[in-house]
Amino acid sequence: MKRIVFIFVVLFCSSLLMAQNTAKTFESAKEAVENGRYEEGIDYFRKQLRSDPKDWVSAYYVVLAAINVPNYREVMEASEVVIRYGEEDALPFIYRCRGFAFQNDRKDYEKAIEEYTRAIRIDKKDYLAYAFRGYVYRIMSIEEMKGKNEFDTVTTYQRIVGSKTGEKNLKRSDSDFERIVELEPDNACGYAGLAMNSYIRRETKEALEYGQRAIAATTQNDANVYWLVLNILSQEERWSEACDIYIKGLSSNLSMISSFFSVEEVLVDNCFTTLLSKLQIQSNKEGNDAQWPYAIGRLYGKRYNHVKQIEYYKKAYARQPTSDWYATRVAEAMVEVGNLTGAIAYANRAIDLNAKNSSAYYIRSAANYYSGKGEDAIADISYAIELAPTNGFYYYRRGFYNDNLRHTDDAIEDYSAAIELMPDHAYSYLGRGDMYEIKGQHSLARKDYRKAVSLDTVPGENSCAQYAYLQLGDTMSAIRFTDVLIDSLPYNAGVLYDAACLYSRIGRTKQALDYLESSLRAGYTSIAHMLLDDDLDALRESERYKQLMEKYKPKVFPEEELPNISGRSNSEYTDMPTEQNTDERSRNLRSLAPRQ
C-alpha cells in the first residue's frame with residue numbers, strides 16, 4: 001500500500017512539475033512575441049498547435065507574431081483556428097490581420113474590405129478596423145481613377161484626376177475616417193485620413209485644416225500628414241509656420257525626417273537661416289538629444305557645406321556614441337569631402353557596433369573604391385548584398401565597381417539584378433548598355449539606352465538621359481537635355497558636374513572646364529571620384545584643369561579620434577530610411593546611403 005501511495009505521489013509531483021514547466025515555456029514564448037522575437041514565438045506556438053489543433057490561444061499568438069514578420073501564410077492558417085475555436089473578443093484583431101494579409105500580400109482589396117467589415121460588426125468601436133478599411137477604400141478609389149496598383153505615397157495622390165467611380169469609394173473612405181473622429185476625437189488617425197482624402201480632391205484648404213488638427217491631436221506621428229502640411233504651407237510661402245511644423249515633426253519622431261526630403265529642399269532654398277536657428281535652439285535646449293545636431297548637419301549638406309555637415313554629424317554621434325546609425329552618417333559625409341581614411345574609421349566603428357548594418361558596409365565600399373582598393377570595395381558591397389538581398393541599389397553599385405574594374409560580365413549580371421529589383425532605374429539600363437557595347441552586342445546596348453531615355457523624361461539632378469542620347473549618337477539631344485537641366489537647376493553642383501562630363505566626352509574642352517569650375521564653386525566635393533572619372537580624361541593635360549585640381553585638391557585630414565564607447569549599439573535608427581542619390585553614373589555622390 002505504501003508503495004502504491006509513493007508511486008502516486010511521484011506521478012502527481014511529476015505532472016505538477018511538467019505543468020509548471022509548460023506554463024513557464026508558454027510565458028517565455030509569449031514574452032518573446034511581445035518583445036519582437038517573432039520567429040522564436042512562432043516556433044513554440046506552432047508546436048503547441050501540432051499537439052492540440054484546437055489550441056486557439058496558441059494560434060492567436062502565431063497570428064500576432066506572423067503579422068509582424070510578416071508571414072501571411074502563417075496568418076491565414078492560424079487565424080482559421082481562432083475563428084473556429086476562439087472567443088469572440090479575440091476575433092476583431094484576427095479579422096484585421098486577415099484583412100491586412102489580403103490587402104498587402106494578395107492585393108485583393110475586396111476581400112480585405114470583407115475582413116475589416118467583419119471586425120467592425122463584432123466591435124463597432126474598433127477604430128483600427130475603420131482606419132484600415134478607409135485606407136483600402138482610398139486605394140480602390142485611386143485604382144479606379146488611375147488604373148494602377150501601387151499607391152504608397154502622397155506624392156502620387158496629388159496627381160489624381162477625379163471620377164465618379166473613384167469618388168464613390170473615396171466617400172466611403174471619408175465615412176470610415178469620420179467615424180474614427182466620432183469615436184476618438186483626440187486620435188489623429190481620423191483627421192489624417194480626411195486630410196489625405198481632401199488632398200486627393202485638390203481641396204487644399206480642407207486638407208490643411210484636417211492636417212493641422214491631426215498634428216495637434218495627442219497621438220499623432222504620421223509622417224505623411226506632416227509632409228502634406230509642410231507641402232501646402234510651402235506652396236503658400238508661409239515659411240515660419242512651415243519651419244515650426246518641421247521642428248514639431250522631428251520632436252514627434254526622428255524617423256519622420258526621411259519623409260521630409262523633398263520639402264527640405266524647398267525650405268533650404270527659402271528659409272535656411274530661420275530653420276537653422278530654430279534647430280539650433282532645439283539642439284541647445286535638448287543637449288543630450290542627438291537628432292538635433294544631425295538635422296542641422298543635413299541642412300548644411302543640402303547647401304553643399306560638407307565641412308559643417310560633418311561637424312554636426314560628429315556632434316550627433318558624440319551624444320549617442322553607441323549608435324551605429326550616426327557613425328554611418330559621419331562616414332557617408334566624409335566620403336563626400338574625400339576624407340577616405342576617416343570614412344573607413346567611422347564605417348568600421350558602425351560595423352563594430354552592429355555587424356548587420358548593410359549601409360556601413362556600403363559606405364566603406366565607396367571609401368575603399370575611391371582609395372583605389374577596388375577588390376575590397378567589391379567584397380564590402382557583396383556583404384552588404386548578403387545582408388540586404390532585396391536592395392537593388394547595392395547591386396547597381398557593385399555593377400558600377402565591376403564596370404570600372406573591367407569585369408564586364410559581372411557588371412552585366414549586377415546591373416540586370418538591379419533592374420529586376422528596380423525596373424524604373426534608368427542608370428542601371430545605361431550601365432548595362434555600356435557593358436553590352438563593350439562586348440559588341442550593339443542591339444542590346446541600344447535597347448537599354450532607349451529604355452534609359454524613356455524612363456528619364458523629367459530632367460532633374462538624378463538624370464542620365466543625356467548620356468544615353470550620346471551613346472545613341474544623338475549629340476544634339478544630349479546637349480539640349482543638358483541645357484534644360486542647367487536651366488532647371490542652375491546652381492546644382494551635381495548637374496554642373498554632369499555638364500562638364502558631357503562636354504568633355506564630346507570634345508568641347510573649354511565648355512567642359514567652365515562647367516567643371518562652376519560645379520566646384522557650387523560645392524562639388526567628390527574630388528577623389530573626379531580623379532578616377534574617365535569622363536574627364538580629355539581635360540587632364542590642360543593647364544586650367546591642373547590649376548583647378550591644385551586649388552580644390554583634397555586636403556590632408558588628421559587621424560580621427562572617435563568617442564570611447566561601451567556596449568553594443570542601442571540605436572533605434574539603424575534601419576531608418578535614408579536619403580539616396582542614385583546618380584552614381586553622373587559622379588554626383590552627395591548622398592551615398594541607400595534606402596533600407
Side-chain angles (χ1 to χ4, degrees), residues 301-307 335-340 366 369-372 400 403-404 426-427 430-431 434 437 449 452 456 459-556 581-592:
K302 300 278 185 184
R303 281 288 184 92
Y304 303 103
N305 189 338
H306 297 299
V307 174
V335 171
E336 294 299 324
V337 299
N339 186 353
L340 303 178
Y369 174 76
Y370 294 122
S371 299
F400 175 79
D403 177 341
N404 285 276
Y427 267 100
L430 179 66
D434 287 347
E437 193 70 33
Y449 293 143
D456 192 9
E461 63 179 328
N462 293 328
S463 287
C464 67
Q466 66 273 41
Y467 296 116
Y469 280 125
L470 192 62
Q471 292 298 91
L472 289 167
D474 190 351
T475 303
M476 291 309 299
S477 291
I479 292 173
R480 281 195 296 269
F481 193 87
T482 297
D483 288 343
V484 172
L485 275 173
I486 294 170
D487 287 342
S488 302
L489 298 163
Y491 306 111
N492 185 287
V495 168
L496 294 167
Y497 183 78
D498 275 346
C501 290
L502 181 77
Y503 280 104
S504 174
R505 289 175 65 174
I506 64 178
R508 296 189 183 182
T509 305
K510 182 182 183 305
Q511 286 169 287
L513 287 167
D514 287 344
Y515 281 122
L516 183 61
E517 184 169 4
S518 295
S519 73
L520 291 166
R521 286 179 175 175
Y524 191 84
T525 55
S526 297
I527 309 299
H529 174 85
M530 191 183 297
L531 295 173
L532 296 175
D533 191 349
D534 56 11
D535 283 350
L536 301 181
D537 284 350
L539 310 180
R540 307 250 187 237
E541 296 305 316
S542 74
E543 286 302 315
R544 187 177 171 194
Y545 173 83
K546 292 175 183 178
Q547 290 169 3
L548 287 173
M549 291 302 99
E550 179 64 25
K551 181 177 180 180
Y552 292 98
K553 67 182 179 182
K555 60 180 288 189
V556 176
N581 173 24
T582 59
D583 188 7
E584 301 296 340
R585 183 76 186 183
S586 71
R587 295 23 175 184
N588 176 13
L589 304 180
R590 288 177 296 101
S591 183
L592 286 163

Asker: Can a side-chain donor-acceptor contact be found between Tyr467 and Asp498 if the only test is distance below 3.5 angstrom?
Answerer: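 Yes, Tyr467 and Asp498 have a side-chain donor paired with an acceptor closer than 3.5 Å.
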Asker: Going from CG on Leu539 to NZ on Lys546, what distance comes out if it is rounded to the nearest 0.5 angstrom?
Answerer: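 One finds 12.0 Å between CG of Leu539 and NZ of Lys546.
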Asker: Within the distance-only criterion (no hydrogens, no angle test), does the side chain of Tyr449 pair as donor or acceptor with the backbone N or O of Asp434 below 3.5 angstrom?
Answerer: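 Checked: pair present.
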Asker: Please report the shortest heavy-atom distance between Leu430 and Cys464, naming the atom on each side.
Answerer: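 Reported closest heavy-atom pair: CD2-CB, 4.0 Å.
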Asker: If you define the side chain from C-beta out and look only at heavy atoms, does anything of Asp474 sit under 4.5 Å from Met476?
Answerer: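 Yes; the side chains approach each other to less than 4.5 Å.
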Asker: Should the pair Asp537-Arg540 be classified as a salt bridge under the 4.0 Å nitrogen-to-oxygen rule?
Answerer: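 Salt bridge present between Asp537 and Arg540.
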Asker: Please determine if Glu517 and Arg521 form a salt bridge, counting it only when a charged side-chain N lies under 4.0 Å from a carboxylate O.
Answerer: yes
Asker: Over all heavy atoms of both residues, which pair between Cys501 and Asp533 is shortest? Give the atoms and the distance, please.
Answerer: SG-OD2, 3.5 Å
Asker: Which heavy atom of Asp403 sits nearest a heavy atom of Gly431, and at what distance?
Answerer: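 It is OD2-O, 4.5 Å.
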Asker: Roughly how far, to the nearest 0.5 Å, is CZ of Arg544 from CG of Leu516?
Answerer: 8.5 Å
Asker: Are any of the side-chain heavy atoms of Arg508 and Ile479 separated by less than 4.5 Å?
Answerer: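 Counting from C-beta outward, Arg508 and Ile479 do come under 4.5 Å.
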Asker: Answer yes if the side chains of Ser463 and Asp456 hold a donor-acceptor pair under 3.5 Å, and no otherwise.
Answerer: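 Looking only at side-chain atoms, Asp456 and Ser463 do form a donor-acceptor pair, the distance falling under 3.5 Å.
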Asker: Could you tell me whether the side chain of Ser504 and the main chain of Ala500 form a donor-acceptor pair under 3.5 Å?
Answerer: no
Asker: Drop me the distance from Asp483's CG to Ser488's OG, to the nearest 0.5 angstrom.
Answerer: 10.5 Å
Asker: How long is the straight-line distance from CG of Asp514 back to OG of Ser519, given to the nearest 0.5 Å?
Answerer: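 Those atoms lie 11.0 Å apart.
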Asker: Enter the distance from Thr475:OG1 to Ile506:CD1 here, rounded to the nearest 0.5 Å.
Answerer: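 The distance works out to 6.5 Å.
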Asker: Between the side chains of Arg505 and Gln466, does any donor sit under 3.5 Å from an acceptor?
Answerer: no
Asker: So which heavy atom on Tyr491 is nearest to which on Ala522, and how close?
Answerer: O-CB, 3.7 Å
Asker: Can you list the steps and then say if Tyr515 with Leu502 is a side chain to side chain contact (heavy atoms under 4.5 Å, CB included)?
Answerer: CA-CA 10 Å; Tyr515 281 122; Leu502 181 77; over 6 Å; no
Asker: In Å, rounded to the nearest 0.5 Å, how long is the span from CG of Asp535 to OH of Tyr497?
Answerer: 7.0 Å
